[in-house]
Enquirer: 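Before we start, here is the structure in question, set down as structure tokens.
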Number of protein chains: 4
Amino acid sequence: MENALSKREQSKEEKRKKILQAARKVFIEKGYHSTSISDIIRQTDLARGTFYLYFRDKQEIFDELVNELFQAITRHVNMLDLDKLESEQDLYHNLEITVQHLFDTLMKHREIAHIVLSTPFGTDSDFDKKIEAHHEMLFQVATVIFRKAVEKGILNADPVLLSHLVLGGMKEIVFQWIVKGRYEGDMKKEVREIVRIYMKGAQNR
Amino acid sequence: MENALSKREQSKEEKRKKILQAARKVFIEKGYHSTSISDIIRQTDLARGTFYLYFRDKQEIFDELVNELFQAITRHVNMLDLDKLESEQDLYHNLEITVQHLFDTLMKHREIAHIVLSTPFGTDSDFDKKIEAHHEMLFQVATVIFRKAVEKGILNADPVLLSHLVLGGMKEIVFQWIVKGRYEGDMKKEVREIVRIYMKGAQNR
Amino acid sequence: MENALSKREQSKEEKRKKILQAARKVFIEKGYHSTSISDIIRQTDLARGTFYLYFRDKQEIFDELVNELFQAITRHVNMLDLDKLESEQDLYHNLEITVQHLFDTLMKHREIAHIVLSTPFGTDSDFDKKIEAHHEMLFQVATVIFRKAVEKGILNADPVLLSHLVLGGMKEIVFQWIVKGRYEGDMKKEVREIVRIYMKGAQNR
Amino acid sequence: MENALSKREQSKEEKRKKILQAARKVFIEKGYHSTSISDIIRQTDLARGTFYLYFRDKQEIFDELVNELFQAITRHVNMLDLDKLESEQDLYHNLEITVQHLFDTLMKHREIAHIVLSTPFGTDSDFDKKIEAHHEMLFQVATVIFRKAVEKGILNADPVLLSHLVLGGMKEIVFQWIVKGRYEGDMKKEVREIVRIYMKGAQNR
DNA sequence: TATGAATGAGAGTTCATTCAT
DNA sequence: AATGAATGAACTCTCATTCAT
């Protein structure tokens with residue numbers, strides 16, 4: 001036993017974390033689909049069978065990882081006060097804060113974001129149910145906001161189309177930042193510019 | 001041999017196409033990762049070993065399929081006359097045509113677009129080199145256009161940022177159309193709206 | 001500890017019984033081969049490792065269960081008074097009582113009988129030694145009785161053959177009753193008929 | 001390659017037989033439940049994956065083996081002319097022939113009979129469906145015959161009970177002969193005695 | 001060229017058993 | 001004595017790839 005602590009002395013929780021940590025690492029390196037449970041467990045000092053003491057299968061450990069990120073996002077989205085969208089200023093302000101927070105959260109969980117962003121969904125395999133559902137949630141929220149803004153006369157564009165453009169754009173930006181490591185610059189300024197582009201673009205034609 | 005033509009009489013090229021055709025079908029049905037070479041060859045009247053006479057592995061056949069689409073896109077992008085971007089009208093016109101053509105091409109090769117859009121990339125496996133390179137190409141073209149427009153004073157936004165937003169938005173739209181099957185409506189009108197949003201959004205702040 | 005008695009206060013004997021009880025239940029539900037030690041211990045409030053404090057392996061607990069039944073049968077068979085077989089009446093009477101008692105005992109331990117009757121034997125694994133030995137014992141007793149009856153001139157058939165027929169027939173009947181749940185009717189009457197068939201069949205040719 | 005013939009030169013059918021042969025051997029030695037596919041394939045000079053080219057799983061190879069025997073039995077049972085049961089002589093004659101043929105068939109396929117007889121059924125696992133169904137078939141045939149004999153006044157006993165007794169007895173006899181290897185003697189004579197016992201036993205009370 | 005049977009590495013999973021606590 | 005986390009061997013099954021024909 002080469003560890004300082006013997007395995008018995010590590011708590012179950014610690015081991016669970018160790019496996020999650022290993023999975024996170026391997027998923028980033030090899031992608032979800034190419035990762036085998038052996039790959040994950042090989043990164044730890046545990047035995048193969050031990051994996052199944054903590055997780056049912058690859059899907060479950062992926063879900064758990066992704067939840068960290070999704071819950072953080074969802075938490076913030078739920079705090080959005082959709083009533084505070086009376087004026088153009090409100091909308092700008094609200095969107096800037098939301099986008100900023102979204103980026104912050106993604107950067108904070110950048111490893112998981114990395115995995116999610118480099119794993120596509122669309123084929124109806126077991127695994128992308130969750131990602132799809134989460135994307136749909138974000139889409140719904142965006143649509144509600146934009147529809148409201150259109151009703152108030154603040155924006156003038158198809159809310160559904162706009163939501164797709166915005167979500168797609170954001171995903172690409174974050175992908176470049178996190179996966180491609182192409183981020184440099186002042187995030188605050190960038191956020192302001194992004195919001196401005198979409199808002200100005202969607203205003204009265 | 002119940003075929004009208006015996007296998008011997010089919011040209012090599014015909015067999016190659018038959019396999020490509022089969023692969024396209026199965027990739028869409030089961031997704032790239034869940035597709036085995038057996039799945040592909042089962043859709044043909046050829047034998048398993050024959051696959052390897054025409055393609056090295058699954059990777060290679062995927063590359064070849066994807067090339068059909070990429071070459072079509074590249075061909076058009078190369079025809080873009082970047083000098084015809086003097087006025088705002090020019091830009092609008094040019095972009096509308098380009099976007100329209102892009103969508104047309106993707107819809108024409110929608111099967112392959114489907115596969116590309118629902119297949120992971122981002123992990124540095126051999127295979128996504130190609131997708132990445134193609135994306136990069138599109139990105140470069142977009143950046144050049146937007147940079148030029150900024151220089152001419154037509155647009156006023158960070159060309160790099162704008163390119164990412166536009167590409168991301170387009171990808172999402174096409175994903176919704178093709179993979180999710182959520183397209184209904186007048187594509188021409190939609191294209192005009194998309195271009196308008198980005199252009200208005202990126203004009204003088 | 002939510003139990004009225006803490007585990008410490010339960011006697012070893014109680015725990016042993018608890019495990020046996022659980023094993024009996026699971027063996028019936030899933031069959032001997034499909035039952036894992038985890039399955040057994042899951043039915044108790046004990047820990048997995050505890051099993052091995054009481055039993056060496058699945059085999060041993062099975063043996064012990066089966067003993068309950070075998071000892072009950074053996075006990076009665078040993079009480080048979082083989083001297084009381086002078087007349088045909090004696091024989092009839094004795095057999096009826098014996099068969100009746102055998103059936104009673106099997107019905108009383110029907111759970112274990114169920115397990116025994118639906119568990120393979122015949123392969124020379126360790127475990128069916130016991131079943132075989134017990135069957136042999138019954139066979140010997142039957143043979144002795146029938147041989148005696150032949151010597152007295154009451155029966156006229158090969159005692160060995162007759163023993164096999166009788167034992168096989170009984171096993172089948174009990175199998176139908178217990179495992180298939182096909183018993184309905186008046187057991188006493190049935191027993192009388194069974195005995196009659198064998199006795200009449202085996203009388204002077 | 002130590003074989004005289006290379007593997008390519010052996011026909012598929014030969015290899016299929018080789019695997020069946022190996023399975024038959026191992027099933028007898030270890031019993032169905034304790035036999036793994038590795039055990040079977042280890043007896044051949046083939047690779048593990050090859051098994052699955054010929055059989056879906058252990059169940060399927062077992063079914064195939066057992067079919068050899070069951071079809072042989074069924075074939076003969078179907079030839080039974082149930083109309084030729086008018087007189088006591090007819091019945092005796094018919095039964096003697098049937099029993100004799102049954103024994104012949106079982107002895108001819110004694111290896112498979114061995115497997116079937118040492119593998120119980122009763123637990124509703126996948127595997128014993130077939131055995132159970134076959135037993136049921138024999139039971140039905142026996143019941144029909146005995147019921148008819150009762151209607152004609154030739155026999156006087158409960159046909160169901162009698163069928164169980166007869167089938168159980170026969171199974172036990174064959175088990176002793178084949179599995180225990182306890183057969184000596186004149187099978188013809190034995191058959192005559194068995195039939196006599198059951199017939200006399202079941203005649204008018 | 002074309003075939004397709006054979007291969008064997010490797011995936012996922014289960015489970016009896018051990019042993020530090 | 002009792003625990004239950006950890007182990008790793010063993011099992012079923014899949015599949016890309018090879019190669020004799």
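Because the structure is a prediction, the values reported are computed rather than measured. Each chain gets a letter, A, B and so on, in the order its sequence line appears, and its residues count up from 1. Basis for what follows: all heavy atoms, side chains included, without hydrogens, waters or symmetry-related copies.
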Enquirer: From the list E:dA16, F:dA16, E:dT3, which nucleotide is the closest neighbour of the side chain of B:Y52?
Expert: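 Among E:dA16, F:dA16, E:dT3, the one nearest the side chain of B:Y52 is F:dA16.
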Enquirer: Could you state the atom-to-atom distance from CD1 of B:I41 to P of F:dC15 in whole Å?
Expert: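 That distance rounds to 15 Å.
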Enquirer: With pairs defined as Watson-Crick or G-U wobble and both distances under 3.5 angstrom, please note down DNA chain E as a dot-bracket string, | for pairing with another strand.
Expert: .||||||||||||||||||||
Enquirer: Side chains of B:Q43 and B:D39 only: does a donor on one sit below 3.5 Å from an acceptor on the other?
Expert: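 No, because no side-chain N or O of B:Q43 sits under 3.5 Å from a partner of the opposite role on B:D39.
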Enquirer: How long is the line joining OH of A:Y32 and C1' of E:dG12, in whole Å?
Expert: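 Rounded to whole Å, this separation is 12 Å.
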Enquirer: Check whether more than 12 heavy atoms from other residues, nucleotides or ligands sit under 6.0 Å from atom CZ of D:R16, and answer yes or no.
Expert: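 Above 12, so yes.
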Enquirer: Name the closest nucleotide to the C:K12 side chain, picking from F:dA5, F:dA1, E:dT13.
Expert: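 Output: F:dA1.
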Enquirer: Let me know the distance between CG of D:L46 and P of E:dA5, rounded to the nearest Å.
Expert: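 That distance rounds to 13 Å.
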Enquirer: Would you say CZ of A:R110 has more than 12 non-hydrogen atoms from neighbouring residues, nucleotides or ligands within 6.0 angstrom?
Expert: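 No - once you tally the heavy atoms of other residues, nucleotides and ligands closer than 6.0 Å, there are 12 at most.
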Enquirer: In whole angstroms, how far is the C1' atom of E:dT1 from the CG atom of B:D45?
Expert: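 Spelled out: CG on B:D45 to C1' on E:dT1 is 15 Å.
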Enquirer: Kindly give the heavy-atom pair with the smallest separation between B:F70 and B:I131, and that separation in Å.
Expert: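 Smallest heavy-atom distance, with atoms named: CE2-CA, 3.9 Å.
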Enquirer: How many whole angstroms separate atom CG of A:L53 from atom P of F:dG8?
Expert: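 Answer to the nearest Å: 13 Å.
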Enquirer: The side chain of C:A47 is closest to which nucleotide in this list: E:dT3, F:dT3, F:dC13?
Expert: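 Nearest to the side chain of C:A47 among the choices is F:dT3.
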Enquirer: What integer distance in Å separates D:E60:CD from F:dT12:C1'?
Expert: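 Rounded to the whole Å, the gap is 15 Å.
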Enquirer: Nearest-Å distance, CD (D:Q59) to P (F:dC11)?
Expert: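 These atoms are roughly 19 Å apart.
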Enquirer: What integer distance in Å separates D:H33:NE2 from E:dT14:P?
Expert: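 In whole Å, E:dT14 P lies 19 Å from D:H33 NE2.
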Enquirer: Looking at D:T50 and D:A47, would you say the former's side chain and the latter's main chain have a donor-acceptor pair under 3.5 Å?
Expert: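 Yes: the side chain of D:T50 pairs with the backbone of D:A47.
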Enquirer: Atom CD1 in D:I41, atom CZ in D:F51: separation rounded to 0.5 Å?
Expert: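 Rounded to the nearest 0.5 Å, the CD1-CZ separation comes out at 7.0 Å.
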Enquirer: Under 4.0 Å between any heavy atoms, over every strand shown, what does A:F55 touch: base, sugar-phosphate, or nothing? Just pick one.
Expert: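 Here A:F55 touches no strand at all.
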Enquirer: Return whichever of A:K58 or C:K58 has its heavy-atom-nearest nucleotide of DNA chain E closer to the 5' end.
Expert: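 Nearest-nucleotide comparison on DNA chain E picks A:K58.
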Enquirer: DNA chain F: B:D57 or D:S36, which has the more 5' nearest nucleotide?
Expert: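 Result of the comparison: D:S36.
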Enquirer: Would you check if the side chain of A:K58 reaches a backbone N or O of A:Y32 as a donor-acceptor pair within less than 3.5 Å?
Expert: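 A pair under 3.5 Å: yes.
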Enquirer: Is it the case that the base of F:dT7 and the side chain of A:R48 share a donor-acceptor contact (distance under 3.5 Å, atom types as modelled)?
Expert: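 Checked by distance alone, the answer is no.
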Enquirer: Both B:S38 and D:F51 contact DNA chain F. Taking the nearest nucleotide for each, which residue is further toward the 5' end?
Expert: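 Its nearest nucleotide lies further toward 5', so the answer is D:F51.
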Enquirer: E:dT7 phosphate, OP1 or OP2: any side-chain N/O from D:T50 under 4.0 angstrom?
Expert: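 Yes, within the criterion.
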